[in-house]
Amino acid sequence: QMQLVESGGGLVQAGGSLRLSCAASGRTFTSYAMGWFRQAPGKEREFVAAISWSGGRIYYADSVKGRFTISRDNAKNTVYLQMNSLKPEDTAVYYCAADTSKVAVCSTRDGEYDYWGQGTQVTVSS
């Protein structure tokens, strides 16, 4: 089993920045894709960003493109989400996820991820 633990969430004013981290532990697979998803109150979980093992493939949701940056440090088994120019509509619980079936590519579909963290709350005030 792989455990994923997110950190770095909090309360920030609109226009501010936060950096989320997701550390993998337990059974860490040789290589795997990672993704970030979020769920706002009353809404379905949505894709935010994904990155392949090498970082050669990266995808962003249109709503965060140009403002968020996903990256990873494989030596530390950690993936990051740098969030800049935050908006109130970015308020949500953010989840990281691992897709152990993919290495060179990554998916935007949450059903393809097999390990999930517990989530970290991000609140952006106007």
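Legend: residues meeting side-chain hydrogen bond (donor to acceptor under 3.5 Å, both in side chains) with S125, ordered by chain and number and at least two apart, are absent. Qualifying ring-ring contact (aromatic ring centres under 6.0 Å, His included) partners for F37, counting only residues two or more places apart in sequence or in other chains: F47, Y113, W116.
Nearest approach of Q3 to G26, heavy atoms of both residues: OE1-CA, 3.3 Å. Nearest heavy atoms, T78 versus S21: CG2-CB, 4.4 Å. The two residues G117 and Y95 have their closest heavy-atom pair at O-CD2, 3.6 Å. In plain terms, the two heavy atoms of A92 and Q121 that are nearest each other are O-NE2, 3.5 Å. Considering every non-hydrogen atom in both I70 and I51, the closest pair reads CD1-CG2, 3.6 Å. Here the closest heavy-atom approach between residue L4 and residue Y115 is recorded as CD1-O, 3.4 Å.
Both L81 and I58 belong to a single network of hydrophobic side chains, linked directly or stepwise wherever heavy atoms of I, L, V, M, F, W or Y lie under 4.5 Å apart. Cluster membership check: V64 shares its hydrophobic cluster with V12, using side-chain heavy-atom separations under 4.5 Å among Ile, Leu, Val, Met, Phe, Trp and Tyr.
The aromatic ring centres of W36 and Y94 sit 6.0 Å or more apart.
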Would you give me the side-chain donor-acceptor pairs under 3.5 Å for residues 105-112, sequence neighbours excluded?
residue: S107; atom: OG; partner: R109; partner atom: N; Å: 2.9
residue: S107; atom: OG; partner: E112; partner atom: OE1; Å: 3.4
residue: R109; atom: NE; partner: E112; partner atom: OE2; Å: 2.8
residue: R109; atom: NH2; partner: E112; partner atom: OE2; Å: 2.5
residue: D110; atom: OD2; partner: R45; partner atom: NE; Å: 3.3
residue: D110; atom: OD2; partner: R45; partner atom: NH2; Å: 3.3
residue: E112; atom: OE1; partner: K102; partner atom: NZ; Å: 2.4

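Listed by first then second residue, pairs satisfying salt bridge (Lys or Arg N to Asp or Glu O under 4.0 Å) with a partner in residues 52-67 read D62-K65, R67-D90, not counting sequence neighbours. Listed by first and then second residue, the side-chain hydrogen bond (donor to acceptor under 3.5 Å, both in side chains) pairs involving residues 6-15 are E6-Q118 (not counting sequence neighbours). Within the structure, salt bridge (Lys or Arg N to Asp or Glu O under 4.0 Å) contacts touching residues 74-87 (residues at least two apart or in different chains) do not occur.
With rounding to the nearest 0.5 Å, the separation of OG in S54 from CZ in R72 is 8.5 Å.
Proximity of E46 to R38: side-chain heavy atoms (C-beta onward) are separated by under 4.5 Å at one or more points. Looking at L18 and L86, their side chains come closer than 4.5 Å, going by heavy atoms from C-beta outward. Using a 4.5 Å cut-off on side-chain heavy atoms (C-beta onward), D99 and M34 make no contact. Annotation: side chain of T120 is in contact with side chain of L20 (closest heavy-atom distance under 4.5 Å).
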Intermediate values then yes/no, side chain to side chain contact (heavy atoms under 4.5 Å, CB included), Q82 and S17: CA-CA 7 Å; Q82 177 67 43; S17 298; 4.0 Å; yes
Decide yes or no on side chain to side chain contact (heavy atoms under 4.5 Å, CB included) for V48 and Y60, but give the supporting numbers first. CA-CA 6 Å; V48 176; Y60 295 101; over 6 Å; no
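Between the side chain of D73 and the backbone N or O of V79, no donor-acceptor pair lies under 3.5 Å. Remark: side-chain polar atoms of T91 are paired, donor with acceptor, to backbone N or O of V124 under 3.5 angstrom. Between the side chain of T123 and the main chain of L11, no donor-acceptor pair closer than 3.5 Å is present.
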